[in-house]
Amino acid sequence: MIDKTTQNASTFVSQVDSAFLFIFGVALFFLFAITAVMVYYIYRYQKSKNPVATHIEGSTKLEIVWTVIPTILVLVMFSYGWSGWKNQREIPDDAMPVKAIARMWSFAFEYPNGMVTDTLIVPKDRPIKLDLVAQDVIHSMYIPAFRVKQDMVPGKKSNIWFESEREGKYEIFCAEYCGLRHSYMMSAVKVIPEGDFDKWMEENKALEDATGGTNKRLAGVSVLRKYGCNACHTVDGSKLVGPSYKGIIGSTRTVITDGQERQVVGDEDYIRRSIYEPNADIVKGFDKGLMLSYKDQVTEEELQHLIEYFKSLSE
Amino acid sequence: MSQTITVAHDIHRDDEGSKIGMWLFIFTELLLFAGLFIVYGVYRYLNPVAFHLAAEELNVTVGTLNTVILLCSSATMAMASTAIRMRKKALTLTLLGITLFIAFMFMVNKYFEWKGKFGHGIFPGSEDLLQLGHGDTLFFGLYFFMTGLHALHIIIGFILITIVAVRVNNNSLTSENPVLLDNSGLYWHLVDLIWIFLFPLFYLIA
Amino acid sequence: MENHNDSHIVPFKTYGIILAVLIVLTLISVAVTQIDLASLTVFTAILLASIKSGIVLVYFMHLKFDNLMMKIFVTAVFVLVALVMVVTFLDYNYR
Amino acid sequence: MSNQETETNYVSFREEKGKYKGILAWIFSTDHKRIGLLYLYSIVSFFIIGVGLGAAMKLELLAPGKTIMDPATYNAIFTLHGVIMIFLVVVPGLPAVFGNFFLPIMIGAKDVAFPKLNLLSWWVYVVGALIALSALFMGGGPPDTGWTFYAPYSFKTNTNMLPAVLGAFVLGFSSILTGINFIVTIHRLRAPGMSWFRLPLFPWTLYGTAWIQILATPIVGITLLMIVGERLLNIGFFDPALGGDPILYQHLFWIYSHPAVYIMILPAMGAISEIIPTFANKSIFGYKAIVISTLAIAFVGYFVWGHHMFTSGMSGTALYTFSFLTFLVAIPSAIKVFNWVGTLHKASIQLEAPFFWAASFLFVFMIGGLSGLALGALATNVHLHDTAFVVAHFHFIVFGGVGFAFMGAIHYWFPKMYGRMYNTKVATTGWLFFFIGFCTLYLPMFFLGIDGMPRRYYDYVERFHGPNIVSTIGSWVMIIGLIIIIANLIKGAYSGAKTSKNPWGGRTLEWEVDSPPTLENFEEIPVIERSPYDYR
Ligand code: HEA
Ligand code: HEA
Ligand code: CUA
Ligand SMILES: [Cu+2]
């Protein structure tokens with residue numbers, strides 16, 4: 001926390017850190033003071049030094065003192081913590097909304113103009129509001145450098161906001177346990193100057209428009225990104241949670257259907273089936289139930305882009 | 001061990017202790033249902049309209065009937081405690097018998113009620129229910145879960161009272177040691193107590 | 001540690017009266033909920049149920065003849081349940 | 001039963017001949033002391049399994065990337081580790097072992113109020129444990145949800161959730177039965193003259209704990225049952241796709257599980273409150289303050305559960321209420337710490353192993369508790385929630401607090417339980433290794449958490465490497481300590497020197513009976529005429 005590289009990373013940092021420092025200071029003080037007294041007593045009053053104990057029952061005055069002082073201290077801690085947190089809930093009206101989507105085990109970010117990325121790219125000095133959506137189980141959007149965290153609960157709307165004051169690339173972690181690849185569910189926020197940001201928006205829009213029609217393969221990559229498929233599948237033939245795309249088209253695959261082993265050919269229908277009913281055919285050696293259906297999400301057009309792209313991987 | 005002080009390994013009784021123990025157990029049962037009442041409260045709060053409409057599906061007459069007979073059984077059970085203290089064995093047995101009979105009737109009613117619902121395709125996880133929408137799914141999910149758990153308690157109570165009746169019959173439970181009867185009574189009243197809340201929540205507030 | 005198991009014998013008549021009262025209350029609550037009291041419906045239903053359960057606790061479950069400690073325990077448990085519900089609704093009510 | 005016989009022939013409860021022989025004489029015994037020991041052996045066995053799993057996790061975290069296992073195994077291991085440690089070790093821990101063994105003796109009774117129920121509770125414990133562990137061996141693989149079983153993941157996963165959840169449910173009953181038994185025992189079986197304010201502090205804490213067990217456990221019971229219903233019947237209680245609310249599950253889970261942490265710590269505090277005056281040779285400072293703070297923790301502890309859900313999306317009102325109450329519940333703990341240290345003032349301290357455990361308990365408990373304050377404050381919690389900081393917090397306070405108190409208690413009461421003494425020098429050495437290993441193991445996790453490393457992470461980015469290495473090395477030092485301690489105790493139980501009735505000079509009743517006690521503890525029920533810590 002108390003680390004130079006994240007200072008001013010977001011406007012919350014100084015407040016959260018000073019609340020933390022206060023609590024930490026009080027805690028350290030009590031820890032050392034009490035330990036010191038204890039060690040001193042143990043040394044001073046050990047049997048060899050003080051063979052006969054003095055009988056003391058207690059003292060009401062002391063009890064009151066050491067009830068009241070900690071009470072006051074914790075009340076200060078409470079209000080410190082509260083005021084630091086209140087800002088995080090008060091979203092400025094001019095904040096730029098970005099939709100953050102979490103699914104097992106990747107994040108995706110959708111900008112107001114419909115563009116989708118897997119890294120969050122934001123302009124400096126401008127409040128950003130993230131609308132959090134989870135598609136399967138609970139995840140949690142955690143940006144340590146910004147001191148923000150919010151659970152992403154399926155079926156429930158929630159949001160966070162931040163304003164970054166420092167350019168750089170900061171980690172995003174999923175902080176709520178969400179299954180097998182929870183620890184790999186990461187992304188990043190890239191904070192860039194406002195001018196660069198606008199330019200980047202323009203360029204990407206142009207690129208997308210241009211490639212949308214002509215370069216289906218490039219479009220396929222962006223589909224994979226949009227739905228976070230790469231969290232579980234690779235393009236290089238290595239095995240993660242699910243099979244790799246490499247060589248999928250045209251291959252003969254051994255799958256398990258309803259407990260029966262059978263052979264199928266990796267064609268268009270197979271791909272469609274695998275995306276819309278992922279648990280119908282399970283490639284031998286992989287586990288059932290890890291992938292959810294994308295029936296209502298991946299469009300037919302996107303599916304075509306994907307197949308086009310997969311073909312390129314089999315060439 | 002000439003003293004009068006009690007020894008756990010002796011044949012010793014502490015009726016007051018058993019009663020406290022029974023009450024503590026009843027507290028845990030209350031808390032068990034309290035958890036469900038919280039769930040009910042929250043979902044009712046989140047789906048007021050659906051809960052309202054779904055409740056109308058339940059038959060108030062059957063519910064009322066069940067409430068009334070369960071209350072009667074509670075009364076006969078309490079009377080059995082009095083009867084055994086008055087050393088009226090036959091009367092005690094009769095009262096216990098009535099209690100058991102009513103418990104049985106309650107279950108019969110429940111059976112037909114559930115069967116009716118099942119017949120209409122309403123049971124946990126059924127297709128029809130899913131079609132009705134979230135509020136209804138939750139309402140009937142809770143309905144089956146809570147009344148089911150309550151029915152389970154009725155069955156346990158039934159077994160307990162049967163044991164008591166057998167022991168009264170063979171004179172191993174008399175006015176000298178009526179604790180088991182009293183404690184079964186407490187348990188039976190608990191079952192009643194829970195129903196007193198279940199009834200309005202599911203049948204009435206529509 | 002005497003066993004006062006015959007401390008108090010409740011006459012049958014008392015139970016009879018209590019039963020009658022309970023049944024009447026049940027019928028009242030059925031009747032009341034048939035008329036539309038809007039937001040008060042839930043409230044009256046719960047209120048009547050609470051009164052009924054109070055009667056069951058006090059008479060059928062002999063709290064009336066129990067010592068003070070038992071009365072305090074039972075009350076405390078109900079208060080606890082109520083508080084837990086209130087605290088839970090601090091979330092739902094203000095979402 | 002005649003008076004003469006018991007007086008002349010001393011037969012300890014361990015040698016008493018009953019209806020059965022051999023192991024049956026133990027597993028069917030209704031004697032509270034035998035049941036206490038049964039619990040001790042079962043709990044220690046599970047503890048060793050749990051510790052082994054912990055050590056395996058540390059080994060995996062030694063370096064980024066795959067070290068010794070794959071992610072599925074890691075996820076299953078921390079789930080089992082948490083379930084075992086919480087439900088099988090620390091929740092029953094002190095009450096079931098030392099509560100069973102010493103509660104009746106300390107209040108001058110011959111047994112608990114319901115000895116048969118007591119035996120039943122052990123059996124239920126064993127059955128529950130077996131059900132939970134059977135999850136390991138049934139198709140589908142061990143559960144991988146974390147000990148919190150959060151919905152909706154817990155009913156989406158294909159692993160064996162049902163046995164684990166049912167096991168936890170059954171274990172809850174064991175806990176409830178023990179609780180009922182203790183409350184009735186304390187109400188009904190106190191020796192003549194033992195007024196409430198002459199009750200020693202360990203029984204007091206057991207009393208508080210028992211109430212929480214009775215009033216909180218059913219909530220988790222019903223919640224787990226709902227998870228079962230959800231999985232079997234597809235009811236949709238917590239499934240957002242069917243209209244359920246996953247946050248409600250968290251509410252219900254923590255309504256139990258926060259009070260549960262006080263189920264764990266209160267008896268630990270009670271044991272410490274026994275050890276400190278004995279070794280200080282002096283009455284405890286502020287007896288009434290400690291009693292009242294015990295009850296205050298038990299009560300207020302009910303209403304702070306939301307501090308586990310600060311980032312879940314609760315309403316603002318709920319957030320600050322819970323934060324506020326969390327801070328309130330810290331105060332009674334502070335009062336206790338001050339009173340314990342106050343007891344040492346002008347004392348005459350015997351430096352023996354149990355005392356070292358008690359003193360180091362104070363130290364690690366303070367670290368754990370004070371780090372809890374950083375978690376209780378809203379702004380800082382948002383950053384620290386679900387990071388290694390939380391892991392460090394609860395290991396310090398659960399393992400440090402409860403574990404150290406357990407170790408202290410066993411070293412303190414060992415001579416009474418076995419009639420023999422372990423090697424005290426070796427015990428102190430073991431403690432030193434354990435203590436140093438412990439701090440090396442968990443202190444780095446605070447820094448990892450502050451730096452932003454989330455918990456339940458199988459793998460981590462390179463910048464978290466350093467502290468993880470230190471932490472793993474700490475676990476090895478602790479291994480050495482633990483082995484020394486356990487070996488020393490086992491040796492002591494078999495061949496330690498015979499001890500007297502009262503080797504430490506304790507003043508509570510258990511030190512007035514034989515070591516080990518006879519079947520009925522007391523030949524004659526004592527009449528109490530003084531306060532429990534009267535060292536004059
Ligand atoms: C024995 C168990 C135990 C105990 C006693 C405590 C005690 C406390 N705990 Fe802890 N806690 C856990 C076990 C325990 N905890 C566990 C297992 C988890 C994680 C669960 C999971 O997610 O898996 C957890 C998680 C946890 C969280 C949630 C973290 C998160 O996930 O975001 C919080 C937040 O408020 C918290 C706070 C506290 C506080 C304030 C106390 C207080 O009671 C502490 C009081 C003690 C002191 C304050 C120290 C002594 C006092 C002094 C030295 C005097 C000076 C004091 C002052 C000036 C106040 N705990
Ligand atoms: C009482 C409670 C308790 C105890 C004692 C421990 C003990 C340990 N725990 Fe704990 N832990 C929990 C309760 C506990 N834990 C809980 C509740 C969780 C949360 C789970 C969840 O997220 O769901 C958790 C999670 C948890 C994690 C976090 C997982 C993650 O978030 O990724 C880690 C990581 O290192 C860890 C490590 C350890 C270690 C190293 C020990 C140490 O005990 C290990 C040190 C000891 C040794 C290394 C000695 C080993 C010795 C032997 C095996 C030989 C024995 C031989 C003889 C007796 C002869 N634990
Ligand atoms: Cu997503 Cu963890
Ligand atoms: Cu807590």
Side-chain angles (χ1 to χ4, degrees), chain A residues 1 15-16 19-20 23 27 30-31 34-35 37-38 41-42 45-47 50-58 63 66-67 70-71 74 77-78 80-82 84-85 88-89 137-138 140 142 144 147-151 153-156 158 173 175-184 288-289, chain D residues 71-72 75 146 150 152-153 156-158 240 246-247 280-283 285-287 289 311-313 316 320 323-324 327 330-331 334-335 337-338 341 344-351 359 362-363 366-367 370 373-374 377-380 382-383 385-386 450 452 454 456-460 535-536:
Chain A
M1 232 177 188
Q15 250 178 340
V16 174
F20 183 76
I23 297 174
F30 274 95
L31 179 65
I34 296 175
T35 310
V37 171
M38 182 171 74
Y41 281 166
I42 294 175
Y45 297 119
Q46 53 183 289
K47 203 165 200 145
N50 191 30
V52 182
T54 315
H55 196 76
I56 310 169
E57 284 285 344
E63 297 290 350
W66 65 43
T67 309
T71 309
V74 295
M77 291 179 191
F78 164 69
Y80 231 127
W82 181 29
W85 163 84
Q88 303 203 10
R89 288 287 89 205
V137 299
I138 306 182
S140 186
Y142 178 30
R147 313 288 186 265
V148 295
K149 180 185 287 131
Q150 180 69 47
D151 288 4
V153 183
K156 187 171 175 304
S158 56
F173 293 125
E176 183 62 61
Y177 176 71
C178 53
L180 192 60
R181 291 178 60 78
H182 161 61
S183 66
Y184 293 102
K288 197 175 167 148
Chain D
N75 295 345
Y150 269 14
Y153 184 72
K156 291 236 160 109
T157 175
N158 292 317
I247 312 271
N281 236 309
K282 179 165 169 298
S283 86
F285 193 94
Y287 171 89
T311 64
S312 69
Y320 61 74
S323 172
F324 182 75
F327 280 111
I331 293 165
I335 295 174
V337 170
F338 293 126
V341 176
L344 299 180
H345 182 58
K346 299 212 170 140
S348 172
I349 300 170
Q350 297 174 63
L351 295 178
L362 286 190
F363 182 72
M366 280 195 286
I367 299 185
L370 292 165
L373 299 176
L378 287 173
T380 45
V382 167
H383 178 65
H385 170 70
D386 263 342
I450 291 171
R456 296 174 174 170
Y457 256 32
Y458 160 75
D459 199 356
Y460 50 84
Y535 281 83
R536 254 179 295 227

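In what follows, chains carry the letters A, B, and so on, assigned in the order in which the sequence lines appear, proteins first and then strands, with residues in each chain numbered from 1. Because the structure is a prediction, the values reported are computed rather than measured.
When atom types are taken as modelled, the side chain of Ser348(D) and the backbone of Asn50(A) share a donor-acceptor pair closer than 3.5 angstrom. A distance-only check finds a donor-acceptor pair linking the side chain of Lys149(A) to the backbone of His383(D) [under 3.5 Å]. No side-chain donor-acceptor contact under 3.5 Å links Lys47(A) to the backbone of Asn281(D).
Note that the CG atom of Leu344(D) and the OH atom of Tyr45(A) stand 10.0 Å from one another [nearest 0.5 Å]. Between the CZ atom of Phe363(D) and the CD1 atom of Ile34(A) there is a distance of 11.5 Å, given to the nearest 0.5 Å. Between Leu378(D) atom CG and Arg89(A) atom CZ the span is 11.0 Å, to the nearest 0.5 Å. The CE atom of Met77(A) sits 10.0 Å away from atom OG1 of Thr380(D), with the distance rounded to the nearest 0.5 Å. The OG atom of Ser183(A) sits 7.5 Å away from atom CG of Asn75(D), with the distance rounded to the nearest 0.5 Å.
Residues satisfying the ring pair (Phe, Tyr, Trp, His ring centres under 6.0 Å) test with Tyr177(A), not counting sequence neighbours, are His182(A), Phe78(D), Tyr153(D). Take Asp151(A) and apply the salt bridge (charged side-chain N to carboxylate O under 4.0 Å, His left out) test, not counting sequence neighbours, and it matches no residue.
The two residues Ser323(D) and Phe78(A) make their nearest non-hydrogen contact at OG-CD1, 3.3 Å. The minimum heavy-atom distance between Ala377(D) and Ile23(A), with the atom names listed, is CB-CD1, 3.6 Å. The shortest heavy-atom contact between Met366(D) and Phe30(A) is SD-O, 4.5 Å. Nearest heavy atom pair, residue Ile42(A) against residue Ile349(D), reads CA-CD1, 3.8 Å. Taking both residues in full, the closest heavy atoms of Tyr457(D) and Phe173(A) are given as OH-CB, 3.5 Å, listed atom of the first, atom of the second, then distance. Ile138(A) and Pro246(D) make their closest contact through CD1-CB, 4.0 Å (heavy atoms, listed as atom of the first residue, atom of the second, distance).
In this structure, the portions of Glu176(A) lying under 4.5 Å from any heavy atom of chain D include both its backbone and its side chain. Looking at Gln150(A), the atoms closer than 4.5 Å to chain D (heavy atoms on both sides) sit in the backbone and in the side chain alike. Only the side chain of Glu63(A) comes within less than 4.5 Å of a heavy atom of chain D; its backbone N, CA, C and O stay farther away. Only the side chain of Ile331(D) comes within contact range of chain A, with heavy atoms under 4.5 Å apart. Heavy atoms of Pro71(D) lying under 4.5 Å from chain A belong to its backbone as well as its side chain. Contacts of Tyr150(D) with chain A are made by side-chain atoms alone, with heavy-atom separations under 4.5 Å and no backbone atom involved. Heavy atoms closer than 4.5 Å to chain A are found in the side chain of Leu351(D), but not in its backbone.
Across Ala359(D), Ala334(D), Ala72(D), Ser312(D), the residue that shares the most heavy-atom pairs under 4.5 angstrom with chain A is Ser312(D). When Val148(A), Val153(A), Thr54(A) are compared by the number of non-hydrogen pairs under 4.5 Å with chain D, Thr54(A) comes out ahead. For the set Arg181(A), Gln88(A), Lys156(A), the count of heavy-atom pairs under 4.5 angstrom toward chain D peaks at Lys156(A). Among Leu362(D), Val341(D), Ile367(D), Val382(D), the residue making the largest number of heavy-atom pairs under 4.5 Å with chain A is Val382(D). Ranked by heavy-atom pairs shorter than 4.5 Å toward chain D, the options Val37(A), Ile56(A), Val52(A), Thr71(A) are led by Ile56(A). Between chain D and the options Ser158(A), Gly84(A), Pro154(A), heavy-atom pairs under 4.5 Å are most frequent for Pro154(A). By number of non-hydrogen pairs under 4.5 angstrom with chain A, the leading residue of Ala374(D), Pro240(D), Pro152(D), Ala347(D) is Ala347(D).
Side-chain contact between Asp386(D) and Tyr142(A): absent, with no pair of heavy atoms (C-beta onward) separated by less than 4.5 Å. Two residues are said to be in side-chain contact when any heavy atoms from C-beta on lie closer than 4.5 Å; Thr67(A) and Phe338(D) fail this criterion. Side-chain atoms of Ser283(D) and Glu57(A), non-hydrogen and from C-beta on, do get closer than 4.5 Å to each other.
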